[in-house]
Amino acid sequence: MEIDWGIVLASVLVGFTVGLTGMGGGALMTPILLIFFGISPTAAVSSDLVAAMVMKPVGGGVHVRRRTVRWELVRWLCVGSIPMAFAGVLLLQTVGDAERIEEITELFLGATLLLAAGAMIVKAWLQGRRTAAARRSGAAEVVSGSLRVRVAATIAIGMVGGLLVGLTSVGSGSIVIICLMLLYPSLRGAELVGTDLVQAVPLVTSAAIAHIVVGDFELGLTASILIGAIPAVWVGARLSSKAPDGVIRPILVFVLTASALKLLGVPNSTLGVVLLTGSLIALPVWGAIDATMHTERRWSDAGLSRATWVRRQAWLAPIGVGFAFAVAYFARIRPQLASPATSVEVVEVLP
């Protein structure tokens with residue numbers, strides 16, 4: 001077994017980001033292995049899944065002890081996800097020779113990363129709505145009581161998540177939680193995270209076992225990921241409450257989109273133009289939407305005008321000037337609005 005210290009360093013960065021934000025590590029680690037280290041797609045997917053199989057129970061155990069897991073959802077999610085995780089791996093083996101399998105895996109991964117980037121945007125919007133609703137009601141957290149389980153829809157979510165994870169290792173920590181937020185809007189933030197983490201344990205274990213059976217697993221690669229990621233996840237989780245979420249998530253969306261387009265074979269020149277144009281427009285649009293999620297009272301308490309900052313970002317986005325205002329908003333204005341001194345925050349517990 002040979003340890004690659006370059007991969008160890010990359011896994012430190014990924015692990016810290018995962019701990020800081022709560023996002024799934026596969027969406028970051030797998031494309032890094034492909035793009036920067038030249039690891040084959042199937043080896044990258046399988047090794048990342050085995051590493052996740054070791055790390056997921058740690059975060060899941062925290063939520064089990066805190067009793068923030070909705071087991072009635074976990075069991076139906078697993079009914080759909082476990083068989084589909086095996087099916088996703090076996091499906092890849094039917095597409096042709098080894099070279100064709102690698103090409104298909106890379107394409108699936110690129111498409112799934114685009115889906116994950118979109119899911120992060122939707123998640124930020126949904127969380128903003130939940131936060132705004134809690135502020136208006138004066139509650140510190142969305143309170144969930146009894147839950148009516150939509151069995152068929154929950155199984156379907158598990159099936160989609162399982163298939164994506166089996167094919168690409170991405171989805172258990174990014175796609176599934178968005179579907180749960182949409183299907184069960186009354187769930188508290190801690191319950192969403194806890195339920196998603198616990199259902200991901202049998203899901204990634206199933207997918208990892210399937211990849212081991214078909215011979216994609218590389219022990220040295222998995223060990224390199226774990227050596228860097230385990231302590232980094234712990235450090236990131238400890239600092240998560242201090243993380244500038246409004247700054248980090250747009251950066252992650254940018255990274256996921258860039259990785260996806262690269263894996264989908266977009267030429268470098270075209271990729272540069274698309275990313276530059278998208279950044280100049282997307283960040284101020286995101287900033288304008290985020291600004292509307294904060295109440296007028298909060299803006300007033302901070303001595304600022306919500307309408308002014310929405311207009312500066314949204315109206316000036318098409319000509320590129322809105323980007324500068326968006327940077328100023330996320331770096332200087334949003335921290336003032338998010339300050340505990342101005343109003344009550346919604347608390348979301350991350351592992």
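Starting from 1, each residue takes its place in the sequence as its number. Below, all heavy atoms of this structure are taken into account, side chains as well, without hydrogens, waters or symmetry copies.
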Practice problem: Measure the OG1-CD distance between T168 and E106 for me, rounded to the nearest 0.5 Å. | Solution: 12.5 Å
Quiz item: In Å and rounded to the nearest 0.5 Å, what is the CZ to CG distance from R70 to L147?
Solution: 5.0 Å
Determine all donor-acceptor pairs shorter than 3.5 Å in which one atom belongs to a side chain in residues 199-211; sequence neighbours excluded.
unit_1: Q199; atom_1: NE2; unit_2: D196; atom_2: O; d: 3.1
unit_1: Q199; atom_1: NE2; unit_2: D196; atom_2: OD1; d: 3.2
unit_1: T205; atom_1: OG1; unit_2: V201; atom_2: O; d: 2.6
unit_1: S206; atom_1: OG; unit_2: P202; atom_2: O; d: 2.7
unit_1: H211; atom_1: ND1; unit_2: D216; atom_2: OD2; d: 3.1
unit_1: H211; atom_1: NE2; unit_2: G166; atom_2: O; d: 3.2

For the residue pair [X] and [Y], what are the closest heavy atoms and their distance?
| X | Y | value |
| --- | --- | --- |
| G220 | I3 | O-CD1, 4.3 Å |
| I175 | A119 | CD1-CB, 4.1 Å |
| P231 | I227 | CD-O, 3.4 Å |

Practice problem: For V176 and V165, run side chain to side chain contact (heavy atoms under 4.5 Å, CB included): C-alpha distance rounded to whole Å, both residues' side-chain angles, the deciding distance at 0.1 Å, then the answer. | Solution: CA-CA 10 Å; V176 172; V165 169; over 6 Å; no
Quiz item: Does atom CZ of F37 have more than 12 heavy-atom neighbours, drawn from other residues, nucleotides or ligands, at distances under 6.0 Å?
Solution: yes
Quiz item: Is the count of non-hydrogen atoms from other residues, nucleotides or ligands lying under 6.0 Å from W76 atom CH2 greater than 12?
Solution: no
Quiz item: When clusters are formed by joining ILVMFWY residues with side-chain heavy atoms under 4.5 Å apart, either directly or through shared neighbours, do L283 and V273 land in the same one?
Solution: no
Quiz item: If Ile, Leu, Val, Met, Phe, Trp and Tyr residues are connected whenever their side-chain heavy atoms lie under 4.5 Å apart, and connections chain through other members, are L115 and L263 in the same group?
Solution: no
Name every donor-acceptor pair, under 3.5 Å, that has one atom in a side chain of residues 317-331 and the other anywhere in the protein, sequence neighbours excluded.
unit_1: Y329; atom_1: OH; unit_2: D290; atom_2: OD2; d: 2.5
unit_1: Y329; atom_1: OH; unit_2: A291; atom_2: N; d: 3.4

Quiz prompt | Close side-chain approach of V198 to W71, heavy-atom, < 4.5 Å | solution = yes
Quiz item: Would you call I7 and I225 a side-chain contact if the rule is heavy atoms closer than 4.5 Å?
Solution: yes
Quiz item: Ignoring hydrogens and geometry, is there a side-chain-to-backbone donor-acceptor pair from S300 to E296 under 3.5 Å?
Solution: no
